[in-house]
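For this chain, numbers begin at 1 and follow the sequence in order.
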Amino acid sequence: AATDDITVVRDAKEATVRAAETEGKRWAIVGVEVPDARPRFRAIGTRIATPEAGAVALGADARARLGVEDGQKVWLSFG
């Protein structure tokens with residue numbers, strides 16, 4: 001299928017990571033593109049704090065599994 005036909009891809013929004021001490025309550029798929037690494041795209045299902053103004057709060061475990069830091073851009077989808 002074309003990626004535009006896949007709901008979780010079509011509805012994904014870019015957001016900036018904000019460090020959070022605890023996991024939020026809402027489930028989401030969070031992905032990150034890493035051009036110089038293998039695999040070049042990583043995604044996980046995780047709990048997030050409700051995104052605000054283009055930012056998403058991720059707990060330490062989610063940030064570590066994705067290999068992202070505070071301020072980095074990720075893709076966010078609620079499926």
Side-chain angles (χ1 to χ4, degrees):
T3 56
D4 289 344
D5 295 335
I6 302 170
T7 306
V8 295
V9 175
R10 182 190 66 221
D11 295 346
K13 305 288 185 221
E14 192 173 43
T16 302
V17 172
R18 185 177 335 136
E21 292 182 24
T22 61
E23 292 181 345
K25 295 182 179 180
R26 189 170 182 186
W27 278 100
I29 298 169
V30 182
V32 62
E33 295 178 75
V34 188
D36 298 329
R38 290 212 180 259
R40 293 182 183 191
F41 181 80
R42 297 180 202 130
I44 61 170
T46 190
R47 292 188 185 273
I48 63 164
T50 303
E52 300 175 11
V56 62
L58 296 177
D61 181 61
R63 292 192 318 273
R65 289 189 294 145
L66 286 167
V68 297
E69 299 175 357
D70 199 40
Q72 192 169 343
K73 299 285 186 184
V74 294
W75 291 99
L76 180 65
S77 183
F78 298 100

- [ ] Report the distance from atom CD1 of I48 to atom CG of L76, rounding to the nearest 0.5 Å.
- [x] 4.5 Å
Task: T46 to A62 - nearest heavy-atom pair and separation - done: OG1-CB, 3.7 Å
- [ ] Quick one: closest heavy-atom pair of K73 and V32, and the distance?
- [x] O-CG2, 3.9 Å
Task: Flag side-chain contact, heavy atom, 4.5 Å: L66 against V30 - done: yes
TODO: Could you check if a side-chain atom of W75 sits within less than 4.5 angstrom of a side-chain atom of E14, using non-hydrogen atoms only?
DONE: yes
TODO: Indicate, with yes or no, if F78 and I44 share a hydrophobic cluster defined by side-chain heavy-atom contacts under 4.5 Å among Ile, Leu, Val, Met, Phe, Trp and Tyr.
DONE: yes
Open item on the list: With heavy-atom distances below 4.5 Å as the criterion, would you say the side chains of R40 and V34 are in contact?
Closed with: no
- [ ] Would you name the heavy atoms of A15 and V56 that are closest together and state the gap between them?
- [x] CB-CG1, 4.0 Å
Task: R63 side chain vs V68 backbone, donor-acceptor pair below 3.5 Å - done: no
Open item on the list: Does R18 form a side-chain contact (heavy atoms from CB on, under 4.5 Å) with D70? I'd like the steps, not just the answer.
Closed with: CA-CA 5 Å; R18 185 177 335 136; D70 199 40; 4.1 Å; yes
